[in-house]
Amino acid sequence: MSNAGDRPAFPSRRDFLKTSTAAAVAAGFTRVPGAWAGGSDTIRVGVIGCGGRGTGAAANVLSAAPGVKLVAMGDAFRDRLEGSKAELLKDPKLAPMIEVTPERSFVGLDAFEKVIATDADYIILATPPGFRPEHLKAAVAAGKNVFAEKPLAVDGPGIRSVLETYEQAKAKNLAIVGGTQRRHGNGYIETIKRVHDGAIGELQAARCYWNQGALWNKPRQPEWSDLEWQMRNWLYFTWLSGDHIVEQHIHNLDVVNWAMDAHPVKALGLGGRQVRTGPEWGHIFDHFTVDYEYPNGAHLLSMCRQIPGAEGRVSEDLQGTLGACATSQDAKRYVITGKNAWRLDPEQVGVDPYVQEHTNLIASIRAGKPLNDLKTVAESTLTAIMGRMSAYTGQSVTWEQALGSKLALVPESGQLAWGPMPVPAVAEPGKTELV
Amino acid sequence: MSGLRARALVMAAMLAMAPAVRGRDAKPPADMKPYTETVPGTSVTFDMVPLAGGTFRMGSPAFEAGRSEDEGPPHEVTLGPFWIGKFEVTWSEYDRFWLDNAVAQAAYASEIKAAGVDALTRPTPPYADESFGFGKGRQPVISVGHHAAMEYARWLSRKTGKVYRLPTEAEWEYACRAGATTAYSFGDDPVALGEHAWSAGNSEGQPRPVGGKKPNPWGLFDMHGNAGEWALDLYQKDAYKTRATTPAVGPVVMPTERIYPHVVRGGSWDHDAPALRCAARLASKVEWNRRDPQRPQSIWWLTDATFVGFRLVRPLEEQKELIGLRSRVTKESP
């Protein structure tokens with residue numbers, strides 16, 4: 001697809017100069033052919049959830065390492081499944097690696113079971129996150145390795161399920177990576193390593209932001225049932241997305257948890273629905289601010305907003321006793337100031353983290369040393385859920401309250417059917433109960 | 001030798017010896033004045049500067065420091081008069097194009113359906129902060145694709161009733177040189193670049209508000225650096241080797257349904273001095289949207305080209321092949 005074919009005559013400082021994605025940077029994995037459970041060396045990928053991200057993840061995994069095939073796909077909707085397949089086949093580099101026959105294409109609310117039942121041994125979970133705990137459980141029960149998009153759940157019961165699945169995956173020696181791709185990007189790895197080595201001293205405070213405009217919305221079609229309309233606009237329903245603090249802001253919260261090497265113990269959040277008030281936007285909030293407290297007494301001020309025209313910012317800042325640290329994936333900015341000042345040369349940002357996360361996962365499978373970061377990503381997901389619970393109710397929420405919450409937002413497996421599905425009321429702080 | 005041919009030769013010789021830009025000497029037609037346009041329905045304004053038509057030498061000589069092969073051979077180009085933006089298009093202007101409607105996206109999706117193929121299309125929102133934390137307002141719009149820039153121009157044309165479009169590569173270089181035959185409009189020595197441009201050398205890693213440096217001799221700001229600027233042309237490495245006539249009259253390599261590669265000119269806040277030269281040509285490529293995690297990837301936004309923006313021109317009389325031109329890029333484009 002590259003046009004001029006060769007190196008740019010005038011690269012910008014932020015051009016990706018490294019194009020090879022084959023190297024696993026995470027832990028110096030060496031390849032031991034046949035050393036993993038399956039015996040064969042080919043990675044056979046099945047994708048569950050064929051929206052824009054699922055399709056992107058499929059393209060990423062096929063570019064991540066040699067010996068990868070896409071063998072099965074499933075989605076709730078036929079048009080999404082077929083569109084995704086066509087999009088992937090359009091790419092001449094990917095097409096030879098795609099072996100998804102009609103018999104290996106599954107449509108419906110139970111498509112996930114059917115994909116898991118094939119001989120795919122590497123399952124990509126990219127449906128709306130409300131379904132993730134159930135899908136994770138089923139994939140691990142069937143002995144599959146998993147790439148699970150973030151977030152991993154939308155409520156306390158979902159997190160508890162994921163933590164059980166984590167233990168089972170560990171016992172079975174399965175590899176799982178959650179899609180918090182910042183943990184696989186050279187910029188963050190280099191920066192957080194320095195923070196952990198004491199470059200900014202003891203961490204005293206942090207800030208993080210995901211402030212942006214609005215996202216897409218699919219106009220309701222007359223033939224859609226309530227459930228279909230909600231699933232096609234899943235961002236705007238808490239049972240499906242967790243609200244945008246969980247769906248997007250988890251990335252920044254995850255970076256701070258990583259730097260702190262801990263999860264917060266308590267959250268006090270504010271939020272509301274100020275601009276995006278029409279029924280097409282479901283019932284979620286459009287802004288949150290949360291004050292998180294960590295075990296060492298440090299506080300994290302967190303903001304997220306989806307309001308067009310307001311100032312944008314997606315980044316993390318850490319304050320320590322010896323200096324400060326500022327990171328932004330989008331701007332490729334990785335800077336430490338103070339006693340041990342340092343700045344990552346944008347040219348060293350390296351390969352695409354969305355590809356690298358698969359490269360690392362595959363390398364770990366082939367080396368017989370399976371990565372399993374389900375627990376840390378579950379903790380980052382619960383960090384976001386805890387903030388949302390506080391903002392929705394107006395009460396401060398402890399980690400134990402969030403983890404032990406009885407608020408089960410997602411209908412049990414098998415209870416979903418195409419048909420009526422009432423939209424929950426918008427949460428009212430002070431009135432909405434903490435459950 | 002016929003009289004006609006002899007005269008053509010004399011003309012050619014004169015063109016070769018004369019200062020490379022004759023447009024500098026000619027005044028724009030009397031009815032071409034500088035003007036300030038207000039984006040209809042808003043208080044946002046932008047300034048347009050008239051340029052006389054003329055003939056200039058496009059490309060760089062083989063001895064120019066830092067040049068690249070695709071800048072040659074230098075050749076004569078003749079252009080008609082046009083207005084050009086005094087500044088790069090800012091976020092204040094671009095936001096009026098897409099942001100006001102972002103919330104009502106559902107509504108305009110059906111509006112597009114109703115109006116058919118001629119409908120204006122607008123960017124779908126990115127899964128990110130489109131400013132990359134660099135700020136908006138009077139800063140140049142960045143990270144927008146060629147298709148997005150063309151659709152912006154079409155939207156603005158419809159709103160104002162005037163023809164606004166991206167400059168052809170030739171128009172862009174003519175305006176950048178402002179009569180100069182040197183590497184930069186102020187001379188050959190990049191030491192002076194800091195007074196005239198935001199480049200990787202002085203930008204401190206981010207784009208800057210437009211108009212913060214010295215203008216070129218024709219009163220245009222940030223032609224060198226700040227945001228790189230889309231030209232209308234599809235990028236062809238050997239475009240200058242295949243010009244049909246001498247001088248080439250209004251040369252342009254027409255854009256197609258392909259998303260890449262198109263020409264970017266002027267270098268940027270994220271480029272080093274050689275890329276900021278009048279003749280330097282950058283070509284867009286799929287890697288400029290590498291980190292868009294969605295498939296299909298956006299045809300509107302670029303995740304890895306925070307250095308690309310654009311400015312607009314308005315021809316006094318539109319070249320024939322550009323009349324009614326619109327982007328042919330779609331989600332299905334190769």
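So that the names make sense, note that chain A is the first sequence line, chain B the second, and so on, each numbered from 1. Given the structure is predicted, the values throughout are model-derived calculations rather than measurements. Below, each value reflects all heavy atoms present in this structure, side chains not excepted, and no hydrogens, waters or symmetry copies.
Interface remark: A/Glu247 contributes backbone and side-chain atoms alike to the contact with chain B (heavy atom separation under 4.5 Å). In this structure, the portions of A/Gln329 lying under 4.5 Å from any heavy atom of chain B include both its backbone and its side chain. Residue B/Trp91: no heavy atom, backbone or side chain, is found under 4.5 Å from chain A. When heavy atoms are compared at a cutoff of 4.5 Å, A/Gln248 approaches chain B by way of both its backbone and its side chain. At a 4.5 Å heavy-atom cutoff, A/Arg220 makes no contact with chain B through either its backbone or its side chain.
Between chain A and the options B/Leu282, B/Asp272, B/Asp292, B/Asp129, heavy-atom pairs under 4.5 Å are most frequent for B/Asp129.
The 12-atom threshold is exceeded at NZ of A/Lys90, counting heavy atoms of other residues, nucleotides or ligands nearer than 6.0 Å. Atom CD of A/Gln274 is surrounded by 12 or fewer heavy atoms from other residues, nucleotides or ligands within 6.0 Å.
Nearest heavy atom pair, residue A/Arg53 against residue B/Gln294, reads N-OE1, 3.2 Å. Nearest heavy atom pair, residue B/Pro125 against residue A/Ala214, reads CB-O, 2.8 Å.
Summarising the geometry, atom CD belonging to A/Glu311 is positioned 7.5 Å from atom OG belonging to B/Ser131; distances are rounded to the nearest 0.5 Å. Atom CZ of B/Arg281 is separated from atom CZ of A/Phe10 by 10.5 Å, given to the nearest 0.5 angstrom. Here the CZ atom belonging to B/Arg295 is positioned 5.5 Å from the CG atom belonging to A/Leu94, to the nearest 0.5 angstrom.
Not a single ring pair (Phe, Tyr, Trp, His ring centres under 6.0 Å) links B/Phe132 to another residue, sequence neighbours left out. With sequence neighbours left out, the ring pair (Phe, Tyr, Trp, His ring centres under 6.0 Å) criterion links A/Tyr334 to A/Tyr188.
Looking at heavy atoms from C-beta onward, A/Arg313 lies out of side-chain contact with B/Phe134 at the 4.5 angstrom threshold.
Salt bridge annotation for B/Arg291-A/Asp330: absent, with no cationic side-chain nitrogen under 4.0 angstrom from a carboxylate oxygen.
Of the residues listed (B/Asp270, B/Asp304, B/Val308), the one engaging A/Ser12 in a side chain to side chain contact (heavy atoms under 4.5 Å, CB included) is B/Asp270, and it is the only one.
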